[in-house]
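Quick caveat, the model's predicted, so the values are computed rather than measured.
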Amino acid sequence: MNDDNGVPSDDLVPHVLDIAHKYGLKVNFHIEPYKDRDDVNLRDNIKYIVDKYGNHPAFYRYKTNSGKHLPMFYIYDSYVTSPDKWANLFTASGSLSIRNTPYDGIFIALLVEEKHKIDIKRSGFDGLYTYFATNGFTYGSSHQHWSSLKEFCDTNNLIFIPSVGPGYIDTSIRPWNFKNTRNRINGKYYETALNAALLVRPSIVSITSFNEWHEGTQIEAAVPKKNAQMKYEDYLPHKPSIYLEITRKWSEKYTKEREQWLV
């Protein structure tokens, strides 16, 4: 389905999966708060996604401790739906339970405020992510809280997924939001976030984003560019691929460190 900012994307999904497979990547789904989203229609939509795309080799599946390979879904703005509604879907005793069915999965909730962690547990989610690239914007996106959130998740058998970004500037579309701008500091902001994430030994780190130019969180290669409407952020004095190189460096570091954590 489309929202006010775009067109339906379903026809693109097979192409995304095919190209991802060509390059050895996997794809999972980030579920936006589409119109009237609730436990009933989300169940239908999960079924649709798994039935239509679940057999593609690029469809991401997470290996659980019990050895199952389950699809993973990030549920953006999950807090706008009540824990009781989510529990219908995500707990084993729920009236619409998806657990132990062919459509079971790993469902990740968005944590914005500290109190959301209790709601996320009650809802039956499998984990939480923090999404926002601005350190200090929310409780969840503040690096200083990641250690306690990871501890909470470990205690409650949840997956903690800290979200990192290279910087943030959205004043071209939200002129009032300058207080949440975060300067890239020539890559140092990104590396600080990645370091903070690795310190809590997460099983997954998410990056917000690859190409969201209007919020200044892109890491894709970039050259200087401006037009009558705006000047795009560039990476000077560094080369166009600097943020991809930083991503590779920290991805390799993360892979090596994880091997040590598991010893």
Path from [X] to [Y] over hydrophobic side-chain contacts below 4.5 Å:
X	Y	result
Phe29	Phe107	yes
Val112	Ile108	yes
Ile161	Val27	no
Phe73	Val80	no
Val16	Met1	yes

Closest heavy-atom contact between [X] and [Y]?
X	Y	answer
Lys226	Lys231	CB-CA, 3.7 Å
Thr130	Gly140	CG2-O, 3.0 Å
Thr208	Tyr131	OG1-O, 2.7 Å
Trp261	Pro202	CZ3-O, 3.4 Å
His145	Ser148	O-OG, 3.0 Å
Ala197	Pro162	CB-CG, 3.8 Å

Mind running side-chain contact (heavy atoms from CB on, under 4.5 Å) on Thr155 and Phe152 for me, showing each step along the way?
CA-CA 5 Å; Thr155 303; Phe152 174 84; 5.8 Å; no
Taking the side chain as C-beta and beyond, is there a heavy-atom pair between [X] and [Y] under 4.5 Å?
X	Y	answer
Tyr254	Leu194	no
Ile75	Thr81	no
Asn41	Tyr34	yes
Leu96	Ile98	no
Tyr243	His238	no

Test item: [X] side-chain N/O and [Y] main-chain N/O as donor-acceptor pair under 3.5 Å:
X	Y	answer
Tyr76	Pro33	no
Thr138	Ser141	yes
Thr101	Tyr103	yes
Arg61	Lys68	no
Lys150	Ile159	no
Asp234	Leu236	yes
Ser123	Phe125	no
Ser78	Leu110	yes
Asn28	Tyr60	no
Arg99	Gly105	yes

Is it true that Lys52 and Asp10 make a salt bridge, defined as a side-chain N closer than 4.0 Å to a carboxylate O?
yes
Salt-bridge present (Asp18, Lys22; N to O < 4.0 Å):
no
Measuring from atom [atom1] of [X] to atom [atom2] of [Y], what distance do you get when rounded to the nearest 0.5 angstrom?
X	Y	atom1	atom2	value
Ser97	Arg43	OG	CZ	7.5 Å
Arg184	Tyr189	CZ	OH	10.5 Å
Asp39	Lys85	CG	NZ	5.0 Å
Asp104	Ile46	CG	CD1	9.5 Å
Asn177	Thr171	CG	OG1	8.5 Å
Tyr168	Glu215	OH	CD	3.5 Å

Go through the side-chain N and O atoms of Tyr190 and Thr247 and say whether any donor and acceptor fall under 3.5 Å apart.
yes
Donor-acceptor pair between Ser206 and Ser163 side chains, under 3.5 angstrom
yes
One pair to check against side-chain contact (heavy atoms from CB on, under 4.5 Å): Glu212 and Gln218. What are the steps and the verdict?
CA-CA 5 Å; Glu212 201 147 3; Gln218 78 285 348; 6.0 Å; no
Begin with the C-alpha distance, continue with both residues' side-chain angles, and end with the deciding distance and a verdict on side-chain hydrogen bond (donor to acceptor under 3.5 Å, both in side chains) for His30 and Tyr129.
CA-CA 11 Å; His30 192 240; Tyr129 73 122; 2.8 Å; yes
Check step by step if side-chain contact (heavy atoms from CB on, under 4.5 Å) holds for Asp119 and Tyr79.
CA-CA 8 Å; Asp119 293 339; Tyr79 58 87; over 6 Å; no
